[in-house]
S.K.: 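Below is the structure I would like to discuss, written out as structure tokens.
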Amino acid sequence: MLRDITLGQYFPGNSPIHRLDPRTKLIVLVVYIVSLFLAQSWISYGVMFLFLAYTIRISTIPLKAILKGMKPLVMILIFTGVLNLFFTREGPVLVEFWGLVITLDGVKRAVLMMARILMLITCTFLLTYTTSPIALTDGLESLMGPLKKIGVPVHELSMMMCIALRFIPTLIEETDKIMSAQKARGADFENGSLVERARALIPILVPLFVSAFRRADELATAMECRCYQGGQGRTKMKLLRYHRSDMTAFGVGGCLVVLIVLLGSFGL
Amino acid sequence: MEPILEIKNLTYTYSIGTPFEHTALDQVSFRVNWGEFIGIIGHTGSGKSTLMQQLNGLLKPTSGTVMLDGKDIWSDKKLTREARFRVGLVFQYPEYQLFEETVYRDIAFGPKNMGLSAEEIDRRVREAAGFVGLTEQQLEVSPFDLSGGQKRRVAIAGVIAMEPEVLILDEPTAGLDPMGRSEILGNIQAYREAKNATIMMVSHSMEDVARLTDRLLVLNGSKLAMEGTPGEVFQHAEQLQQMGLNIPQVTQVFLHLRRMGLDVQSVYTIEQAVEALKRLKGGTVQC
């Protein structure tokens, strides 16, 4: 069923990772991703993997949930793997057929690339699984605060993001309902050619768009009724504050990047 | 005679194997006879909507069977699809499913999916529009230009046009003004009489179900709690109140009258109340 999609869904909990300041998590995530691209060798990748595995462990997020979220991305993974496998020409040749060459370097690169993408996705999932959308946008708004000085409407952007995230489950539920209603009128979404199936989407998409616009309109009115006027002079109910655990997280993140750079300088 | 629908030990559990697992229907069994008007009442979350979607094969039972006209609708793929057309389902707020450019084409969506001929589709669309009181001119306008009540009638016509033998409606009058409500209920009655159809209606209005239905199914906490004629069901006022339901206001008034020592039977429609009061008045005049 549609509502089983978990991509970017928040898993409420009270682990040390959940309790971290959203800004900390965002910054450490960026640090981790940068390290991931600096990592070149098996050893560096191993370090990155251990770090990630340990973080997942203390976050108490079930591994199953993370794996389930990966499903839609399997195609991208396979595509990357295949591309790297066949288009690397360096290194000793392992197999050769139909003009295609698989080299040892190709295999190595394909595996590393797939591992990199997997870790990239997992660490991003970990952020959205352990941080509520509201906390996430609050964190982003706070981090992008300096951009206000050059006229970027930071508050408005984060509000837009917040609303978009909040409406994803609502729209999924709505889609489910409309699909059932059209199925009750004999609509068939599973059979037929590609064109027929694409056409079968019209009875879902039109009502979905209509209702999305209706909701947007209602929400805008409701916000205006409560005198919403953007970020000017607006105070927060939950003030973001760094704690000792945030400092620890920064420390660990810093150590990680230093370690990876050091390993890289030794050619590892 | 064989019942048109027979539900045996129906159980349905959502999201099995996840933390969100939830049993929406628990060992529900009942029969629906040809031509009956059945009311389904129950508190929010009692499983009414899930039950409806079981009856036309939208949801597959976790266990138990749904028999339509003596055949299990899940025994064969063809029968499942057939059940979609023989059992018409009107969801809550059905006006949100409209999508076509004109009212005519929207009503024709169901019959078209049935693979009928163009003439037959045309006949059905016009007839269905007639049942819900839409005019010829309204057939050619965009459904999005109509009022809320009219949109709802277009959506109901969209299901009626498939000419289902069983028409199931989930709170068809929710959110309408009194005028719109009585119109919709009248439309349903008209369809029932013209086609000899079986009707099942979920409603929160005890007055409506008391007045219209032959039999009531009361759902509570995923289970079938009570079954019987409105007269029988409304005898159990206290039990109903414990389930977060109610009895018609006029029934409450008469229960009170009886407690005050007046010699009245329990009634559940305005008409019965009028009769009872007339009788009572006749009695006192005679004294």
Side-chain angles (χ1 to χ4, degrees), chain A residues 1-6 9-13 60-69 71 129 169-192 196-218, chain B residues 14-20 49-50 52-53 55-60 77 80-101 105-116 142-144 148 151 155-162 164 167-170:
Chain A
M1 249 213 257
L2 267 179
R3 76 185 63 160
D4 295 334
I5 293 176
T6 54
Q9 211 175 49
Y10 174 51
F11 259 71
T60 66
I61 300 289
L63 202 62
K64 227 173 143 188
I66 293 174
L67 291 177
K68 217 171 142 194
K71 250 191 218 157
Y129 277 148
T170 312
L171 286 180
I172 287 177
E173 212 172 283
E174 186 98 17
T175 314
D176 234 12
K177 242 187 239 165
I178 295 170
M179 268 175 90
S180 300
Q182 306 298 25
K183 270 193 206 159
R185 293 209 277 165
D188 190 352
F189 305 119
E190 280 117 39
N191 302 310
E196 276 167 19
R197 263 193 272 182
R199 193 167 291 155
L201 287 179
I202 295 174
I204 301 173
L205 290 180
V206 173
L208 193 63
F209 272 103
V210 170
S211 103
F213 281 120
R214 183 174 45 84
R215 273 179 209 285
D217 211 32
E218 279 167 8
Chain B
Y14 279 108
S15 319
I16 291 182
T18 72
F20 307 107
S49 300
T50 313
M52 291 180 27
Q53 294 182 54
L55 300 182
N56 76 337
L58 273 180
L59 293 178
K60 190 169 183 171
K77 234 181 165 182
T80 316
R81 189 153 173 82
E82 204 185 285
R84 295 268 164 87
F85 299 124
R86 293 183 68 181
V87 180
L89 193 53
V90 179
F91 279 83
Q92 223 172 71
Y93 298 104
E95 56 272 31
Y96 296 144
Q97 74 192 31
L98 301 177
F99 68 98
E100 274 287 9
E101 285 156 45
R105 287 173 56 174
D106 208 286
I107 300 177
F109 181 66
K112 231 183 241 169
N113 286 329
M114 295 171 79
L116 299 170
S142 159
F144 299 106
K151 275 188 206 164
I156 293 178
V159 176
I160 283 181
M162 306 194 307
L167 180 64
I168 308 181
L169 305 107
D170 192 352

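Every chain is numbered from 1, with letters handed out A, B, ... down the list of sequences.
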S.K.: Heavy-atom distance under 4.5 Å to chain A: side chain of L89(B), backbone, both or neither?
M.R.: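 When you check distances to chain A, atoms from both the backbone and side chain of L89(B) fall under 4.5 Å.
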S.K.: If we define contacts as heavy-atom pairs under 4.5 Å, which of N56(B), V90(B), L98(B), V159(B) has the most with chain A?
M.R.: L98(B)
S.K.: With a 4.5 angstrom heavy-atom cut-off, which part of S211(A) approaches chain B: side chain, backbone, both or neither?
M.R.: neither
S.K.: Sub-4.5 Å heavy-atom contacts with chain A: which residues of residues 106-114 of chain B show up?
M.R.: D106(B), F109(B), G110(B), N113(B)
S.K.: At a heavy-atom separation under 4.5 Å, does F91(B) approach chain A through its side chain, its backbone, both, or neither?
M.R.: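 For F91(B), the side chain is the part near chain A, not the backbone.
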S.K.: Apply side chain to side chain contact (heavy atoms under 4.5 Å, CB included) to Y93(B) and K177(A), showing your working.
M.R.: CA-CA 10 Å; Y93(B) 298 104; K177(A) 242 187 239 165; over 6 Å; no
S.K.: Identify the heavy atoms of F99(B) and R185(A) that sit nearest to each other, and give their distance.
M.R.: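 Result for this residue pair: CE2-NH2, 3.8 Å.
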S.K.: Ignoring hydrogens, what is the shortest heavy-atom contact between F144(B) and V206(A)? Give both atom names and the distance.
M.R.: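 The pair with the smallest heavy-atom distance is CZ-CG1, 4.1 Å.
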S.K.: Given 3.5 Å as the limit, does a donor-acceptor pair link the side chain of Q97(B) with the main chain of Q182(A), or not?
M.R.: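 Looks like no, no N/O pair under 3.5 Å.
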S.K.: Decide if atom CZ of R197(A) counts as having more than 12 heavy atoms of other residues, nucleotides or ligands within a radius under 6.0 Å.
M.R.: yes
S.K.: Counting only heavy atoms closer than 4.5 Å, note whether Q53(B) contacts chain A via side chain, backbone, both or neither.
M.R.: side chain
